[in-house]
Amino acid sequence: MKKKFFVVMLAVTMLTALFAACSKQTNEPSGSTAPTGSPTEGTDPAAKKDPVTLNIRFFGNENGHYRDVDPAFREFEKRTQDTLNTKLNVVWTPTADYGTKHQLWMTSGEDVDLFVPWELTKFAKDGVLADLSEYFNNPKYPGLQKAFSEEYINDNMLFGKTYAIPITNSFMDMEGVWYRKDLLTKYGMDEIGSYDDLYNFLEKVKENEKDMIPFGNYGNTAFFKLFTDINAQQLEGKVFPFTGQGNPKKNFVYVQIADDGKSVAGVAAYGDPASEWANFHPEYGLNYLMNQFNQAKRFNQFIPVDTLTNTTGTGKPEAAGYMTVGGFKGKEAEQKAKDPNAEIGFWPIMKNNQEMTPGTQATDGKAWNFVAVPANSKKIDRTMEFLDWLFSSQENNDLFTYGIEGENWEAVGEKQWKVPDGVDPAKNYSFPGYQLTWNPTLIRIPAGLPEQIQQYTEYQYKPDTYQKHVLAGFTFDPEPVKNEIAKCNTVMDKYLPFLLSGFGEVEDNLTKMNKDLKDSGVEKIKEELKNQINAFLAQK
């Protein structure tokens, strides 16, 4: 998956727009349109096409990632029966099985027309994905042309072609800490504005609220990306973490780009001696890394003692935890369900987000997630016509993102939405927009957000918030070192939960991790990274 697949399902019902099965029909109608190599037919709304069924594959579990979605699919079919004349056969695969199964679909040539490619680079390199370049920046597909700018498409090319469609609505979901604001008031404390403020608050909770967990775990890595600032790291320090391959917490190699931006100045792995970090920016190299782990150690006293094994939480009320701003409404509802008097606040952990400074959010312009069309599909044109319809208007996009208007959601003004009165959000329509519908041009935000949260949300949708970093346009090809990466990821699974949750001695964990990384081939990975980045910078 592309780097930021956050599935905080408590928030999905209220926040699908802010960020993310039918029975299989095997008899394809004779009117299916084979790819012509030319998109000149486009999506003429006046012409009724031959019937076709598109076989679509998404991942997720019912009532977890999605809920009650079929009525929206059938509504689409009803609205377009006299034009696109397209039926949707959507099959959901549990997340735990999706990775293996979607590889089998591609190697076996199964009849799939649209799917989410977790192995994007490998699939593109192996030729199993259709090149969709001709469908973009093409007036024959006005919906796609409007929703996907030339820059957006170019930033998300692989090997110079559009092998997948970028799915994102912004290039960040502001990361931070949620906290029980009512408890802060109870203790007579000021708003949280620093890690020291957070520490003092958690200390008060630990002393006075014996039945509460001060800071809730985030899976088995309680603090996840706390104590980091990737925007300053990349824009000011020109330091870049690799190679979690879709999971940012698994990055284990840092790369320093030279001040002139023309070459790699240094490469170091977790646990490497100080000499390997000598050419790194002093603030964003070894000191940055050690501060992250030492702070986790300092805060460890506030998290559940079984964080490493009980990854679903303790069931006890929590006073704070990691969250993205997109999860605010869901977290608020969750906390009020536990305590009607609960109020929550949100503190962004990165400086530029705290100040909402323009031009300080690092980005490479790449989407968080993608959908793709297999090269062996016989219905590429018809699939792209469906996507052209989906992105051609707010109304069309809303149908899949929120469900049926008036039943599942209501518009509030031009760009806000809410769940209708009397509708239970826990039982309402829920669709993972990060798998299909997200787009920077088609955005709604939840109505009724606190003023500060609304400002944070609007900040992340402003184009001038972002600045492309020096490696924008670079895509690491992991294939030459895929075996080494797999082994190193296993090492990360073993040690990173301890480091990011503050268990054990930092130096001891890093020393053991470094030995295992070296035994797993990390030096080969470092060399491959250096060579690929230098080649990219040389041609740039």
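Counting begins at 1 with the first residue of the sequence.
- None of Thr243, Asp493, Ile485 except one satisfies the side-chain contact (heavy atoms from CB on, under 4.5 Å) rule with Lys250; the exception is Asp493.
- A donor-acceptor pair shorter than 3.5 Å can be found between the side chains of Asp173 and Thr324.
- The salt bridge (charged side-chain N to carboxylate O under 4.0 Å, His left out) contacts involving residues 142-154 comprise Glu151-Lys468, where partners must be two or more places apart or lie in separate chains.
- Note: Leu132 CG to Ile380 CD1 = 7.0 Å, rounded to the nearest 0.5 Å.
- Nearest heavy-atom pair, Thr457 versus Val325, reported as atom, atom and distance to 0.1 Å: OG1-CG2, 4.2 Å.
- Taking the six-membered ring for Trp and the full ring otherwise, the centers of Phe59 and Trp118 sit less than 6.0 Å from each other.
- For an aromatic pair to be called close, the ring centres must be under 6.0 Å apart, and Tyr98 with Trp92 fails this.
- With sequence neighbours left out, the ring-ring contact (aromatic ring centres under 6.0 Å, His included) criterion links Phe136 to Phe148.
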* Would you please test Phe431 and Phe58 for ring pair (Phe, Tyr, Trp, His ring centres under 6.0 Å) and show each step? => CA-CA 11 Å; Phe431 181 83; Phe58 295 132; 5.8 Å; yes

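- A donor and an acceptor atom, one from each side chain of Asn353 and Gln361, are located under 3.5 Å apart.
- A salt bridge links Lys518 to Glu523: at least one charged side-chain nitrogen sits closer than 4.0 Å to a carboxylate oxygen.
- Residues Lys462 and Pro358 have side chains not in contact (no heavy-atom distance under 4.5 Å, counting atoms from C-beta outward).
- Using a 3.5 Å distance cut-off with no hydrogens or angles, the side chains of Thr307 and Ser501 do not pair a donor with an acceptor.
- A side-chain donor from one of Thr475 and Lys366 sits under 3.5 Å from a side-chain acceptor of the other.
- Relative ring orientation between Tyr402 and Trp417 is described as tilted, the plane-to-plane angle lying within the 30° to 60° band.
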* Apply side chain to side chain donor-acceptor pair (under 3.5 Å) to Tyr135 and Asp388, showing your working. => CA-CA 9 Å; Tyr135 297 95; Asp388 184 68; over 6 Å; no

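- Each of Thr437, Asn439, Asn408 was scored for a side chain to side chain donor-acceptor pair (under 3.5 Å) with Thr401, with one residue passing: Thr437.
- Put simply, the side chain of Thr465 gets close to the backbone of Tyr459: a donor and an acceptor are under 3.5 Å apart.
- Scanning for ring-ring contact (aromatic ring centres under 6.0 Å, His included) contacts around Phe240 gives His469, with sequence neighbours left out.
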* Asked: Checking ring pair (Phe, Tyr, Trp, His ring centres under 6.0 Å) for the pair Trp389/Phe386: CA distance, chi angles, key distance, verdict?
  -> CA-CA 5 Å; Trp389 180 92; Phe386 160 64; 7.0 Å; no

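- Aromatic ring centres of Phe76 and Phe400 lie closer together than 6.0 Å.
- Counting all heavy atoms, side chain and backbone alike, Leu54 lies closest to Lys379 at CD2-CB, 4.1 Å.
- A donor-acceptor contact shorter than 3.5 Å is absent between the side chain of Thr100 and the backbone of Asp97.
- Taking CG of Leu500 as the start and CD of Gln292 as the end, the distance is 5.5 Å to the nearest 0.5 Å.
- Taking the charged nitrogens against the carboxylate oxygens, Arg57 and Glu110 do have a contact shorter than 4.0 Å, which makes a salt bridge.
- Note: Tyr218 and Tyr322 have perpendicular aromatic rings, judged against thresholds of 30 and 60 degrees for the angle between ring planes.
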* Asked: Would Ser392 and Asn396 satisfy side chain to side chain donor-acceptor pair (under 3.5 Å), going step by step from the backbone distance to the final call?
  -> CA-CA 7 Å; Ser392 66; Asn396 292 354; 3.1 Å; yes

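- Here Asp68 contributes atom CG and Asn63 contributes atom CG; the two are 9.0 Å apart, rounded to the nearest 0.5 Å.
- When only modelled atom types and interatomic distance are considered, Thr383 and Asp113 share no side-chain donor-acceptor pair under 3.5 Å.
- Gln394 and Lys415 share a donor-acceptor pair across their side chains, judged by distance under 3.5 Å alone.
- In terms of modelled atom types and a separation under 3.5 Å, the side chain of Thr228 and the main chain of Ile230 share no donor-acceptor contact.
- Here Ser108 contributes atom OG and Asn376 contributes atom CG; the two are 8.5 Å apart, rounded to the nearest 0.5 Å.
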* **Worked verdict on Phe123 versus His102 for ring pair (Phe, Tyr, Trp, His ring centres under 6.0 Å)** => CA-CA 10 Å; Phe123 284 157; His102 90 320; 5.0 Å; yes

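- In this structure Phe293 satisfies the ring-ring contact (aromatic ring centres under 6.0 Å, His included) test together with Tyr270, sequence neighbours excluded.
- With hydrogens and angles disregarded, a donor-acceptor distance shorter than 3.5 Å links the side chain of Asn85 to the backbone of Lys49.
- Between Phe227 and Phe223, the ring centre distance stays below 6.0 Å.
- Scored by the ring-ring contact (aromatic ring centres under 6.0 Å, His included) test, Phe252 finds no partners at all (sequence neighbours excluded).
- Pairs passing the side-chain hydrogen bond (donor to acceptor under 3.5 Å, both in side chains) check and including a residue from residues 529-540, sequence neighbours excluded, read Glu528-Gln532.
- Considering only heavy atoms from C-beta on, Leu289 comes within 4.5 Å of Tyr254 through its side chain.
- Judged by distance alone, the side chain of Ser377 and the main-chain N or O of Val373 form no donor-acceptor pair under 3.5 Å.
- Counting non-hydrogen atoms of other residues, nucleotides and ligands closer than 6.0 Å to CD of Glu395 gives a total of 12 or fewer.
- Donor-acceptor pairing under 3.5 Å is recorded for the side chains of Asp272 and Asn514.
- The ring of Tyr429 has its center no closer than 6.0 angstrom to the ring center of Trp409.
- Taking CG of Asp126 as the reference point, atom CD of Glu119 lies at 10.0 Å (rounded to 0.5 Å).
- Taking 4.5 Å as the limit, some side-chain heavy atom of Met492 sits within range of a side-chain heavy atom of Met513.
- Here Glu276 pairs with Lys526 in a salt bridge; the nearest charged N to carboxylate O distance falls below 4.0 Å.
- A salt bridge between Lys482 and Glu479 is present, with a side-chain N of the basic residue lying under 4.0 Å from a carboxylate O of the acidic one.
- Taking each heavy atom of Val371 and Gln435 in turn, the nearest pair found is CG1-O, 2.8 Å.
- Considering all non-hydrogen atoms of both residues, Gly237 and Tyr284 come closest at CA-CD1, 3.6 Å.
- Taking each heavy atom of Gln256 and His281 in turn, the nearest pair found is OE1-N, 2.7 Å.
- Atoms CG and SG, on Asp516 and Cys488 in that order, are 9.5 Å from each other to the nearest 0.5 Å.
- The two residues Ile167 and Gly433 have their closest heavy-atom pair at CG2-O, 3.6 Å.
- Ion pair Lys524/Glu527 not flagged as a salt bridge, since none of the NZ, NE, NH1 or NH2 atoms sits closer than 4.0 Å to an Asp/Glu carboxylate oxygen.
- Side-chain polar atoms of Tyr288 and Asp229 form no donor-acceptor pair below 3.5 angstrom.
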